[in-house]
Engineer: 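Got a structure for you, written out below as structure tokens; questions coming shortly.
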Amino acid sequence: MDNTITAAKAAPLLLEWYDRHHRELPWRVSPSMARQGVVANPYHIWMSEVMLQQTTVQAVKAYFEKFLALWPSVEDLAAADNEDVMKAWAGLGYYARARNLKKCAEAVARNHGGHFPDTEEGLKALPGIGDYTAAAVAAIAFNRQSAVLDGNVERVVSRLYAIETPLPAAKPEMRGLVAALTPADRPGDFAQAMMDLGATICTPKRPACSLCPFRPHCLALSVADPETFPRKAKKKDKPLRLGAAFVAIDARDTVYLRKRGETGLLGGMTEVPGTAWTARQDGDTSVAAQPFAAAWEDCGTISHVFTHFELRLSVYRANVARAETGDDGWWEPVSSLKAQALPTVMKKAIAQAIPDAFKAER
DNA sequence: CACACGTGGAT
DNA sequence: TATCCAAGTGT
């Protein structure tokens, strides 16, 4: 007997589960709040969705609160200094998101009177908003019946229908299935419910199928091991790249920093001088690659894993007079390094040269 | 379609 | 330790 779920049954089942078991999140209007007349703030929903791209809820919470405190409205963010936005985003990763966040805020403030477009199409035309985020903001903030497909939903749907096509080829099929399931009533809650289900019940490993509202209808559970869905190709292994980083300190306990170019890896972020990061094992990562002459002391190496390569950086430290550096950067007190737009890899390098650089006592 | 693009937590 | 992966987007 075919127990495949029908569109008419899916939403009520899932929304009933969501009303009882939804997560409380800082940017979310819970069902009980909605009953009291609270409506979603599109600025908050957009901000959270951009931060949540490939990023855990846990990591996002503090950044979300910080950004709202610094820039309470989209006009505030549009008027902010680019550099301040990059400083506030430092540590969250995927820094193109921060650059696009600022551009998007400027576009909304300048071209849309400070109001986000309320359609998928309008939203998707903005920087940093793609298929997923456009659908999510349209559904959650504007109650549009849009098909929201993220990693969680892909997992839920792939199991519900035991989809054998591997990702990402299966995405169009999955989007069609989600579109068929999405209700006209509470489409935003439906989307959030699918994501909550994927995050808390239909998890990548050891899913809690006994607690799942879709359990009677899940094809993967009935015919196979749900854990094996979604199918996806194996990832390539990461090559190793080598480089050197030079931490120059002057007599007043300040460090020489530079700003990276606006595009590419860590674009627009702050760094210490260093070599290019080469895949060549014979690249010069020795003190000979120094950016300026000094009595460089070998501080050992640090490792950092990026999305598509692993980096091993040789770190050097020296006491340097201000006049001996170039003029492509600036001197920053060690005590204020924490507030700089330093990506994690640079904080690691500096901490290797100055172990207490980021300690609270400073 | 394939690849570039960060980081930290879980197993 | 190795691997996966978390509310993806841009090119």
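A note on names: the letters A, B, ... follow the listed sequences, proteins ahead of strands, and every chain is numbered from 1.
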Engineer: Any base atoms under 4.0 Å from A:Trp46, or only sugar-phosphate, or nothing? Heavy atoms, all strands.
Structural biologist: nothing

Engineer: Please compare A:Thr133 and A:Lys234 by the position of their nearest nucleotide in DNA chain C and report the one closer to 5'.
Structural biologist: A:Lys234

Engineer: Please enumerate all residues that pass ring-ring contact (aromatic ring centres under 6.0 Å, His included) together with A:Phe116, with sequence neighbours excluded.
Structural biologist: A:Trp46

Engineer: Given the P atoms of B:dG8 and C:dT9, what is the spacing between them in whole Å?
Structural biologist: 22 Å

Engineer: Can you list every pair that meets salt bridge (charged side-chain N to carboxylate O under 4.0 Å, His left out) and has a residue in residues 82-105 of chain A, with sequence neighbours left out?
Structural biologist: A:Glu83-A:Lys259, A:Lys102-A:Glu106

Engineer: Run through the side-chain heavy atoms of Ile, Leu, Val, Met, Phe, Trp and Tyr, join any pair under 4.5 Å, and report what else lands in A:Leu219's cluster.
Structural biologist: A:Val223

Engineer: May I ask you to list the residues of residues 135-151 of chain A, by number, that have any heavy atom positioned under 4.0 Å from an atom of DNA chain B?
Structural biologist: none

Engineer: Looking only at atom P, what distance separates B:dC3 and C:dC4, rounded to whole Å?
Structural biologist: 16 Å

Engineer: How would you list, by chain and number, every residue that makes a ring-ring contact (aromatic ring centres under 6.0 Å, His included) with A:Phe306, sequence neighbours excluded?
Structural biologist: A:Trp277, A:His304, A:Phe309

Engineer: Between A:Tyr63 and A:Lys66, is there a cation-pi geometry (under 6.0 Å to ring centre, at most 45° from the normal)?
Structural biologist: yes

Engineer: In whole Å, measure the gap between the C1' atoms of C:dC5 and B:dG6 for me.
Structural biologist: 13 Å

Engineer: Treating primed atoms plus P, OP1 and OP2 as sugar-phosphate and everything else as base, which nucleotides of nucleotides 2-11 of chain B get B, S or - for protein heavy atoms under 4.0 Å?
Structural biologist: -SSBBBS---

Engineer: Any pair with a residue in residues 237-268 of chain A that passes ring-ring contact (aromatic ring centres under 6.0 Å, His included), sequence neighbours left out, goes on the list, sorted by first then second residue, please.
Structural biologist: A:Phe246-A:Trp296, A:Phe246-A:Tyr316, A:Tyr256-A:Phe292, A:Tyr256-A:Trp331

Engineer: With a strict under 4.0 Å distance from non-hydrogen atoms of chain A, what nucleotide opens and what nucleotide closes the contacted stretch of DNA chain C, reading 5' to 3'?
Structural biologist: C:dC5 to C:dG10

Engineer: Please identify each residue that fulfils ring-ring contact (aromatic ring centres under 6.0 Å, His included) with A:Trp330, with sequence neighbours left out.
Structural biologist: none

Engineer: Students often get this wrong, so: under 4.0 angstrom with heavy atoms, is A:Leu25 touching a base, only sugar-phosphate, or nothing?
Structural biologist: base

Engineer: Residues in side chain to side chain donor-acceptor pair (under 3.5 Å) with A:Glu154, at least two apart?
Structural biologist: none

Engineer: A:His22: what forms a ring-ring contact (aromatic ring centres under 6.0 Å, His included) with it, not counting sequence neighbours?
Structural biologist: A:Tyr18

Engineer: Between A:Asp189 and A:Arg186, is there a side-chain N and carboxylate O pair less than 4.0 Å apart?
Structural biologist: yes

Engineer: What interatomic distance, in whole Å, is found between C1' of B:dC1 and the corresponding atom of C:dA6?
Structural biologist: 23 Å

Engineer: Among Ile, Leu, Val, Met, Phe, Trp and Tyr joined by side-chain contacts under 4.5 Å, find the other residues sharing a cluster with A:Val38 and list them by chain and number.
Structural biologist: A:Val29, A:Met33

